[in-house]
Amino acid sequence: MARATDKIAAVVGANSAITQSLFVTLVAEWQASGTKIAGVIAEPHGPSDRTCTAGLLRDITSGATYQIHLDAPPVGTSCDIDAAGVESACAAVLKALPACDLVVLSKFGKLETMHAGLAAAFEAAVTAHKPVLTTVSERHRDSWNALAPGAVSLPADEAAIRAWWRDIRDQ
C-alpha cells in the first residue's frame with residue numbers, strides 16, 4: 001500500500017521547457033483516457049532573455065491563459081514574474097480541484113516558497129489527498145520538502161512519470 005506522500009511527485013532539477021513539454025504530452029494522453037486533470041502548464045511567451053522563460057500559464061481544464069510576466073521587472077529586482085497573474089491562475093485551479101483525479105502544477109518556485117503564486121493550489125491538493133505532479137528546481141528543493149516531505153522525486157522521463165501515475169491511479 002502506498003504512503004500518502006507517494007501521491008505527490010516532482011520532477012526535480014530538470015530543464016523547465018523539457019518538463020513542460022513532457023507535461024503537455026502526458027496530460028493529453030491521460031485526458032484522452034478519461035482522467036480529469038486540474039492545473040496549469042507553463043508556456044513561453046515573449047522575449048527569451050527574460051529571467052523567467054515562462055510567459056503564460058495555460059489552465060488544463062479550460063484552456064484559458066494567464067500572463068505571468070511583467071514587461072519590466074520592478075526596481076531593485078531582476079524577477080519579472082507577475083504574481084497577480086499566477087494567483088489568478090491559482091484561483092482557476094482551486095475551482096477545478098474538487099472534480100479532478102490529478103493535479104498538474106507547472107512548478108513549485110520562488111512565489112510558492114513565499115506562500116504566494118500557486119501555493120494555495122498545492123496546499124489544497126495535498127489537503128484533499130489529490131495526486132500532484134509538478135517540477136521543482138534544486139534552488140527551491142528545501143522549501144518543497146517542507147511542504148511535501150517524502151514526496152517522490154522523478155526524472156524528466158516520460159516512462160518514469162507514466163509509471164508513477166499508473167501506480168497511483170491503480171491503487
Side-chain angles (χ1 to χ4, degrees), residues 7-73 79-126 128 130-137 140 144 147-148 154-158 160-162 164-165 168-169:
K7 293 178 117 182
I8 304 168
V11 176
V12 179
N15 174 285
S16 181
I18 291 169
T19 306
Q20 298 307 303
S21 179
L22 280 172
F23 285 5
V24 167
T25 299
L26 293 168
V27 163
E29 176 183 307
W30 295 334
Q31 284 178 315
S33 70
T35 302
K36 296 176 190 143
I37 303 173
V40 289
I41 297 175
E43 296 179 355
H45 178 73
S48 61
D49 63 345
R50 291 194 326 258
T51 303
C52 177
T53 57
L56 302 171
L57 289 177
R58 182 168 305 277
D59 184 281
I60 294 167
T61 304
S62 69
T65 57
Y66 299 87
Q67 182 172 316
I68 62 166
H69 70 90
L70 300 167
D71 291 331
C79 183
D80 58 5
I81 297 276
D82 179 4
V86 179
E87 289 173 8
S88 292
C90 184
V93 172
L94 289 170
K95 287 179 187 172
L97 197 120
C100 77
D101 304 313
L102 171 64
V103 180
V104 176
L105 296 170
S106 64
K107 76 180 219 173
F108 179 89
K110 179 180 178 180
L111 291 175
E112 291 73 28
T113 66
M114 299 183 298
H115 304 288
L118 297 172
F122 280 105
E123 292 165 7
V126 169
K130 300 282 185 175
V132 177
L133 177 62
T134 193
T135 65
V136 178
S137 72
H140 301 299
W144 169 250
L147 173 70
L154 297 171
D157 174 77
E158 278 187 46
I161 299 169
R162 275 193 192 100
W164 167 82
W165 174 239
I168 297 305
R169 182 194 64 215

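Residue numbers start at 1 and run along the sequence shown. The shown structure was predicted, so the numbers you read here are calculated from the model rather than taken from an experiment.
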Review point. So which heavy atom on L94 is nearest to which on A124, and how close?
Key: CD2-CB, 3.6 Å

Check your understanding: Distance from I60 atom CD1 to I41 atom CD1, nearest 0.5 Å?
Key -> 4.0 Å

What pairs of donor and acceptor atoms, side-chain ones from residues 18-27 against any protein atom, are under 3.5 angstrom apart with sequence neighbours left out?
residue	atom	partner	partner atom	Å
T19	OG1	N15	O	3.1
Q20	OE1	A42	N	2.9
Q20	NE2	S106	O	2.9
T25	OG1	S21	O	3.2

Practice item. Kindly give the heavy-atom pair with the smallest separation between I68 and G85, and that separation in Å. Key: CG2-C, 4.0 Å

**Study point:** Check: G63 main-chain N/O paired with R58 side-chain donor or acceptor under 3.5 Å
**Key:** yes

Exercise for review: Mind checking side-chain contact (heavy atoms from CB on, under 4.5 Å) for A38 and listing every partner two or more places apart, or none if nothing turns up?
Suggested key: T61, A96, C100

Practice item. Considering non-hydrogen atoms only, spot the tightest contact between A125 and V132 and give its length. Key: CB-CG2, 3.5 Å

Exercise for review: Have a look at P131 and tell me which of I37, L102, I8 forms a side-chain contact (heavy atoms from CB on, under 4.5 Å) with it.
Suggested key: L102

Review point. Relative to each other, are the rings of F122 and W144 parallel, tilted or perpendicular (30° and 60° limits)?
Key: perpendicular

Check your understanding: Closest approach of G39 and L105, non-hydrogen atoms and distance?
Key -> CA-CD2, 4.1 Å

Exercise for review: Measure the shortest side-chain to side-chain distance between L57 and V86 over non-hydrogen atoms and say whether it is less than 4.5 angstrom.
Suggested key: yes

Check your understanding: To the nearest 0.5 Å, how far apart are NZ in K130 and CG in D101?
Key -> 7.0 Å

Exercise for review: Determine yes or no for a side-chain-to-main-chain donor-acceptor pair under 3.5 angstrom, with K7 supplying the side chain and V126 the backbone.
Suggested key: no

**Study point:** Euclidean distance, R162 CZ relative to R169 CZ, rounded to 0.5 Å
**Key:** 11.0 Å

Check your understanding: Going from CH2 on W30 to CG on L133, what distance comes out if it is rounded to the nearest 0.5 angstrom?
Key -> 5.5 Å

Review point. What pair of heavy atoms forms the shortest contact from V40 to A89, and how long is it?
Key: CG1-CB, 4.1 Å

Point to revise | Minimum-distance pair of heavy atoms, taken over all atoms of L154 and A160 | key: CD2-O, 4.1 Å

Review point. Applying side-chain hydrogen bond (donor to acceptor under 3.5 Å, both in side chains), which residue pairs with at least one partner in residues 111-125 are found, sequence neighbours left out?
Key: none

